[in-house]
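In what follows, a structure is listed as structure tokens, so that the remarks can point back to it.
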Amino acid sequence: MNIIEANFDGLVGPTHNYAGLAQGNVASLKNADKPSNPKAAALQGLTKMLALHEMGLVQGVLPPQERPHIPTLKKLGFSGKDADILRKVKRDAPGLLASASSASSMWTANAATVSPSADCADGKVHFTPANLCTHLHRSLEHETTGRILQATFADARHFAHHAALPATPALGDEGAANHTRLCSDYGAAGVELFVYGKGAEDEPAPQKYPARQTRAAGEAIARLHQLDEARVIHAQQNPAVIDQGVFHNDVIAVGNRELLLFHEQAFADRKALRTNLRAALPQAVMIEVPTAEVSVADAVSSYLFNSQLLCPPAGGMYLVVAQECQENPRVWACVQRIIADTSNPVSAARVFDLRQSMHNGGGPACLRLRVVLSDAERAAVNPKSLINAERHTQLC
Ligand code: SUG
């Protein structure tokens with residue numbers, strides 16, 4: 001059986017803009033009110049999707065959501081025709097208009113947590129949309145996201161869909177951005193690593209910015225997805241890096257197959273993580289980038305750890321990086337060093353201009369939701385959501 005990892009990227013919606021809505025997200029705050037170009041944003045995303053398809057990878061696309069979200073504005077007491085509602089909310093509550101207009105569903109790494117069938121006791125692929133409850137603009141996504149995922153992965157013989165967790169701070173969940181699956185081979189049972197910012201009361205917490213992901217959410221999802229406890233790791237992200245702009249774990253760590261690439265300061269207890277991962281997956285390869293080589297500030301501005309690690313069918317493992325990595329000499333030297341080092345599987349890098357998304361804190365890995373699929377599961381995916389040259393042209 002051929003088992004692959006597919007990537008489903010979010011298509012950028014026509015209201016893409018910089019509203020400075022995301023607390024703890026340095027780029028979103030820095031670029032607040034700058035002019036955006038939704039068309040360029042969508043085309044940049046589509047260029048990456050086509051390139052990955054051309055590398056022989058299975059690439060999907062998830063649609064943008066209705067924005068401004070009039071139903072939310074109605075729930076908040078605005079009434080009348082849509083145009084009247086927009087006029088009133090612009091006059092009386094411009095912050096609500098910004099939240100209701102964000103195109104943030106483009107970052108599908110936050111759409112859901114996905115567990116491949118090889119990891120789940122019932123042999124199905126499990127999906128739990130993320131409640132994204134720390135920010136109003138993102139909390140509007142999960143209902144529609146759930147419907148999109150059900151329409152994309154509709155066959156109940158292969159796919160199991162859960163509702164988002166209750167949207168309360170104690171169960172804050174930001175989806176696959178804080179979840180990494182490591183395995184010897186995509187089809188083998190994997191180790192699922194859930195990284196949280198907020199755990200028990202006595203665990204250290206960030207002081208400046210919110211910890212968006214809770215340990216309780218990861219535990220609930222592991223139960224819902226019927227994961228084997230022996231193959232689940234919960235690890236705390238270092239709260240000090242959350243305060244430096246690492247609002248999701250995928251801003252400081254990325255994994256693929258047997259490889260975990262992470263910054264020295266990514267985790268609260270990196271020794272424990274190394275030991276636990278080695279015990280659960282003896283063949284794990286860990287690349288720990290020291291602060292002396294790449295500072296946390298450089299990691300945040302370049303999004304090095306928000307790269308995608310991909311295994312195209314022709315062989316090798318590619319690091320798909322944002323252009324900002326190439327523009328930072330220290331980060332680019334680190335990329336070259338990793339590629340040259342034959343003790344890890346990374347063999348090459350591909351660079352993409354994703355600036356429109358990057359200016360809101362969304363790099364290559366933020367834009368994609370990974371779904372590991374067997375041949376039969378892949379055949380059951382809605383074919384209209386898969387990218388090929390023709391669909392790319394249509395969408396462009
Ligand atoms: O939730 N930015 C998003 C970026 C999400 C990136 N995703 C991952 N790291 N996986 C966020 O912070 C900014 C919107 C604005 O300010 O207009 C925003 O929501």
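Indexing begins at 1, ligand by ligand and atom by atom, following the structure's order. Predicted, not measured: the structure shown is a model, and the values here were computed from it. What you see below is based on every heavy atom in this structure, not just the backbone, and it leaves out hydrogens, waters and symmetry mates.
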Would Glu293 and Arg337 count as a salt bridge (Lys or Arg N to Asp or Glu O under 4.0 Å) if you check the C-alpha gap in whole Å, the side-chain angles of each, and the deciding distance to 0.1 Å? CA-CA 10 Å; Glu293 186 177 22; Arg337 195 246 324 142; 2.7 Å; yes
Counting only heavy atoms from other residues, nucleotides and ligands, does the tally under 6.0 Å from OH of Tyr209 exceed 12? yes
One thing to verify: whether Lys124 and Asp122 come together as a salt bridge, which I'm taking to mean a side-chain N less than 4.0 angstrom from a carboxylate O. no
As a quick check of understanding, evaluate side chain to side chain contact (heavy atoms under 4.5 Å, CB included) for Arg181 and Glu5, giving each step before the final call. CA-CA 11 Å; Arg181 175 182 190 253; Glu5 181 194 86; over 6 Å; no
Within one Ile-Leu-Val-Met-Phe-Trp-Tyr cluster: Leu97 and Leu140, side-chain cutoff 4.5 Å: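 As far as the 4.5 Å side-chain criterion goes, Leu140 and Leu97 are connected within one cluster.
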Under a 4.0 Å heavy-atom cut-off, which residues neighbour ligand 1?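 Asn17, Tyr18, Ala19, Gly20, Leu21, Ala22, Asn25, Ser28, Trp107, Ala109, Asn110, His137, Arg138, Ala177, Arg212, Phe247, His248, Asp250, Asn360, Gly361, Cys366.
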Kindly determine whether Phe159 and Val371 satisfy side chain to side chain contact (heavy atoms under 4.5 Å, CB included), including the steps that lead there. CA-CA 11 Å; Phe159 305 119; Val371 187; 5.6 Å; no
